[in-house]
Amino acid sequence: MSWMKKLYLTYEYVQEQGLDDEDLALPFHMSKAVHLKVILNDKAELVGFERFEGKKQVPIQVTEKSSKRTGSTIAPYALHDGLQYIAKTSEKYLTTEYFSKVAEKEKGNKWKGFLSGSDEVKQKFVDAEKAKYRECFLFYEKQLSAWVEANHLQEIKIVLQYIQKGSLIEDLLEKKVFTLENNILLAGKDDPFNFTIVWAVEMGDLHSDLWNKSCIQNQWIEYQESQIKGRRQKSLCNITGELDYPTEAYPKINGNAKLVSANDDTGFTFRGRFYGDKDNGAKSELGSQAVILGNSASQKAFSVLKWLIDRQGIRNGKKGKQVILAWSSNCISDEDKILSNYYQNDDIYTSLFSEGNIDQSADLGLKAAEQLRRKFLGYKEKLAANEQISLLMVDEPSKNGGRMSLTFYQEKLRDDYFRDLEAWQDDFSWYQEYKSSWIFAAPSLERISEAVLTKTEFEDKDRKARKQLYSRLLPVIAGGESVPISYDLVQKSFQTACNPYANHRPEDGEKIREANWQRNIGVACALYKGWRARHQNPSQRRSYPMSLDTESRSRDYVFGRLLAVAEYLERTALNITNEIRATNAERYMQRFATQPYQTWKQLEENLKPYKDRLRKDYPVKVSEKSVLTNPLGFLINRENEITELVCVLDELRQSGCELNKPLEAEFLLGYHSQKMAYRNKKNAQAQQDEQDAIKTAE
């Protein structure tokens with residue numbers, strides 16, 4: 001099923017359920033941010049107003065053309081609109097002083113030219129804008145008059161009578177909604193020419209808001225459909241497969257961005273496998289050869305898409321131009337929002353901690369992993385077994401306006417959707433540090449992008465690199481076991497993890513550097529583990545346990561463990577003297593990854609002074625909460641571990657293994673597993689000490 005038909009069916013289902021939601025626009029309506037309500041009585045007089053705090057969203061009536069209105073296009077909405085359309089005298093308030101103030105705030109050559117122009121140039125600019133505003137009002141008045149004549153709606157007739165009097169701005173000045181200061185029209189600190197104004201009409205004791213009155217909505221839809229019927233012939237709709245009147249304009253989804261456009265007749269849109277000559281007046285015919293979308297079906301599809309994005313879409317950043325959306329066609333309850341929750345950066349981790357307050361000290365996130373599975377199961381049980389779930393990703397243009405692009409679309413049954421999410425967790429789970437605790441889970445998209453991208457790419461305000469990365473990762477997450485991750489991402493994360501100072505600013509301090517590095521290691525291990533699990537060559541597939549594999553004889557894994565032991569030994573010795581700095585193991589890590597055996601010889605030599613610090617047979621304080629009761633015993637244990645691992649490497653060398661060739665990312669799994677084993681042991685001991693203290697107190 002096509003994505004547009006799925007959206008169309010979703011809209012139909014929502015309407016069947018009678019959902020009362022103003023944000024889901026009817027055909028020939030769109031949700032719009034409005035700023036001021038003007039109240040008229042039955043004599044077409046202004047009797048009241050209401051200023052909306054913030055941006056109140058209401059559904060307003062639109063035409064096909066005005067639904068995609070941008071820039072200098074003159075296309076009035078049906079009823080509610082800005083001053084340039086509904087105020088007959090708006091041109092009087094377009095002064096040089098007003099435009100000078102606007103030019104100081106705005107950017108672009110148009111306004112720079114105005115500020116630097118002579119008085120004559122400025123006046124010419126003002127006159128042109130006044131002519132445009134006059135034309136806007138005439139278009140609005142003519143369109144509204146035609147609607148009144150066709151339907152005889154009393155409320156609309158009252159609005160028409162009022163705007164024809166041309167006293168709107170003056171009435172609002174009298175009521176002190178607007179002020180005129182230094183020849184500039186103001187609404188408090190705001191520019192009223194940026195307002196969208198809506199109407200209400202008193203009919204009896206109460207006034208009614210015209211934007212949500214059902215008789216007005218229905219009659220506007222009928223009126224617009226009658227207008228289309230008079231101008232077009234029915235064609236086969238590519239959404240429904242039924243005859244419908246084709247649409248000639250497509251609405252905006254977010255801001256000025258549209259997902260489908262039909263007016264690109266000057267570029268390459270209609271070149272190729274089409275008949276006719278667009279230069280001989282056939283461009284509308286060429287457009288219909290590309291695709292025909294029925295007016296009703298396309299409006300419903302785009303309306304519900306906008307509604308779903310606003311309701312449960314996950315954006316790449318707070319104001320991100322990339323949106324991930326997962327929904328079921330029976331999408332009417334709040335529970336359906338959970339289908340998209342998984343892609344919400346680190347919120348998947350937040351939800352685990354907020355609900356369970358899991359103690360991660362001794363189990364290395366096993367409880368968190370179990371809770372994540374229960375969460376998936378809970379999500380799944382809320383949906384019927386035959387429920388189809390759709391997942392799509394859209395990218396909006398970086399600049400204002402332009403066309404959005406659909407970069408991913410997939411449909412799955414409920415069980416398949418959650419099975420593939422669980423497969424992503426199974427294959428790509430590794431230790432992830434979150435709020436000073438550790439969970440065993442797949443890294444979020446945000447974490448992966450921090451580990452894979454450069455700092456410049458990650459902090460790019462347009463998020464271009466992040467959008468491209470998310471587009472590559474989403475098919476891996478949603479595709480299940482059959483979709484491997486690209487090796488270049490694995491390699492990039494490995495290179496970043498091998499550099500403890502990657503993307504680090506010295507002013508951020510040692511604590512932040514350490515946290516970022518631990519995050520990068522967790523991501524690199526997860527990606528390599530998943531890459532191995534889904535390797536295209538079945539003979540190359542490997543599975544790795546979350547606990548330390550002391551039986552592994554892999555050269556890379558053993559070298560990783562060896563580096564972790566050296567780091568642990570030196571870090572403990574540094575803590576004894578309260579030294580806060582990177583260890584030699586950390587500083588040599590990049591070199592170790594390329595020349596492990598040779599670098600190990602240097603590291604082993606550098607460990608001597610730190611070993612000397614630990615040759616004590618009495619307790620030593622290593623932190624505010626920890627005392628090393630037997631430093632000498634600790635040293636002997638670490639030396640035994642080093643000896644054991646070096647012996648394994650010697651055996652590998654004797655069997656023909658080249659020890660000094662560059663390491664693969666498996667080295668990080670050995671390194672990180674060894675570090676986690678130490679951390680787990682320390683935390684388990686701390687828990688036991690705490691329990692012993694409680695027993696003693698009792």
Side-chain angles (χ1 to χ4, degrees), residues 20-63 66-67 76-90 136-137 140-141 143-179 185 187-188 190-224:
D20 184 18
D21 192 336
E22 286 188 348
D23 292 333
L24 181 56
L26 296 166
F28 301 105
H29 289 71
M30 75 175 189
S31 183
K32 177 73 174 172
V34 299
H35 308 82
L36 179 68
K37 176 168 70 176
V38 172
I39 305 169
L40 307 176
N41 63 16
D42 56 3
K43 297 178 182 179
E45 298 169 334
L46 193 153
V47 294
F49 64 90
E50 182 181 352
R51 177 77 181 271
F52 299 122
E53 295 297 329
K55 291 184 178 180
K56 180 180 176 64
Q57 294 279 339
V58 304
I60 66 170
Q61 295 78 31
V62 297
T63 64
S66 63
S67 69
Y77 300 136
L79 187 60
H80 317 286
D81 216 319
L83 286 179
Q84 68 191 82
Y85 286 99
I86 68 175
K88 190 174 185 177
T89 60
S90 61
C136 287
F137 176 78
Y140 174 79
E141 181 188 30
Q143 181 174 277
L144 190 59
S145 298
W147 185 18
V148 169
E149 185 177 340
N151 292 285
H152 305 289
L153 290 164
Q154 185 61 25
E155 296 97 325
I156 308 304
K157 187 176 181 180
I158 289 171
V159 174
L160 176 61
Q161 291 172 350
Y162 180 72
I163 63 110
Q164 287 175 335
K165 290 194 298 185
S167 62
L168 174 61
I169 294 179
E170 289 70 22
D171 289 345
L172 292 173
L173 282 167
E174 183 180 344
K175 291 187 176 294
K176 295 184 170 37
V177 181
F178 294 165
T179 58
L185 189 68
D190 298 320
D191 181 354
F193 286 107
N194 291 332
F195 282 12
T196 296
I197 297 173
V198 292
W199 302 102
V201 175
E202 285 185 348
M203 303 291 286
D205 296 333
L206 300 175
H207 71 267
S208 60
D209 299 327
L210 301 191
W211 65 80
N212 60 8
K213 199 167 184 179
S214 59
C215 64
I216 293 176
Q217 292 174 334
N218 293 334
Q219 288 206 26
W220 174 251
I221 294 171
E222 292 174 7
Y223 174 63
Q224 284 298 291

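Computed over heavy atoms, backbone and side chain alike; hydrogens, waters and symmetry mates excluded.
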Test side-chain contact (heavy atoms from CB on, under 4.5 Å) on Ile197 and Leu83 and set out the steps.
CA-CA 8 Å; Ile197 297 173; Leu83 286 179; 3.5 Å; yes
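- A donor-acceptor contact shorter than 3.5 Å is absent between the side chain of Gln161 and the backbone of Lys43.
- Here side-chain hydrogen bond (donor to acceptor under 3.5 Å, both in side chains) pairs that include residues 150-159, with residues two or more places apart or in two chains, are Glu155-Lys213.
- In terms of modelled atom types and a separation under 3.5 Å, the side chain of His80 and the main chain of Trp199 share a donor-acceptor contact.
- Between Phe195 and His35, the ring-plane angle classifies as parallel under the 30° and 60° cut-offs.
- Closest non-hydrogen pair, Met30 versus Ala25, comes out as CA-CB, 3.8 Å.
- Looking at heavy atoms from C-beta onward, Val159 lies out of side-chain contact with Val148 at the 4.5 angstrom threshold.
- Nearest heavy-atom pair across Ala78 and Trp147 is CB-CZ3, 4.3 Å.
- No donor-acceptor pair closer than 3.5 Å links the side chain of Tyr223 to the backbone N or O of Asn218.
- Every residue meeting the salt bridge (Lys or Arg N to Asp or Glu O under 4.0 Å) condition with Glu170, not counting sequence neighbours, appears here in chain and number order: Lys92.
- What you find for Pro192 and Ala187 is that their closest heavy atoms are CD-N, 3.8 Å.
- Taking the side chain as every heavy atom from C-beta outward, Pro76 and Phe137 never approach each other to under 4.5 Å.
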Given Ile156 and Leu144, is the side-chain contact (heavy atoms from CB on, under 4.5 Å) satisfied, shown in steps?
CA-CA 8 Å; Ile156 308 304; Leu144 190 59; 3.5 Å; yes
For the pair Lys32 and Val62, evaluate side-chain contact (heavy atoms from CB on, under 4.5 Å) and give the outcome as yes or no after the intermediate values.
CA-CA 10 Å; Lys32 177 73 174 172; Val62 297; over 6 Å; no
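- Between the Gln217 side chain and the Trp211 main chain, a donor and an acceptor come within less than 3.5 Å of each other.
- Looking only at distances, a side-chain donor or acceptor of Trp220 sits under 3.5 Å from a matching main-chain atom of Phe28.
- Shown here for Gln61 and Leu210, the closest heavy-atom pair between the two residues is NE2-O, 4.1 Å.
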Walk me through it: do Lys88 and Leu168 pass the test side-chain contact (heavy atoms from CB on, under 4.5 Å)?
CA-CA 8 Å; Lys88 190 174 185 177; Leu168 174 61; over 6 Å; no
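- For Asp191, the salt bridge (Lys or Arg N to Asp or Glu O under 4.0 Å) criterion is met by no residue, not counting sequence neighbours.
- Separating the SG atom in Cys136 from the CD atom in Glu141 is a distance of 13.0 Å, to the nearest 0.5 Å.
- One finds the NZ atom of Lys37 at 4.0 Å from the CG atom of Asp209 (value rounded to the nearest 0.5 Å).
- Annotation: the span from Phe49 atom CZ to Lys176 atom NZ amounts to 10.5 Å, rounded to 0.5 Å.
- Shown here is Gln164, whose CD atom has more than 12 heavy atoms of other residues, nucleotides or ligands within 6.0 Å.
- Taking OH of Tyr140 as the reference point, atom CG of Leu160 lies at 8.5 Å (rounded to 0.5 Å).
- With contacts defined as side-chain heavy-atom distances shorter than 4.5 Å, the pair Lys56/Val198 does not qualify.
- Using a 4.5 Å cut-off on side-chain heavy atoms (C-beta onward), Leu36 and Leu172 make contact.
- Once rounded to the nearest 0.5 Å, the distance linking CD of Gln84 with CZ of Phe193 reads 8.5 Å.
- The side-chain heavy atoms of Leu46 and Val38, taken from C-beta on, include a pair separated by under 4.5 Å.
- At a threshold of 4.0 Å, the pair Asp171-Lys165 does not count as salt-bridged, since none of the basic side-chain nitrogens sits closer than that to a carboxylate oxygen.
- Atoms CG and CE, on Asp42 and Met203 in that order, are 6.5 Å from each other to the nearest 0.5 Å.
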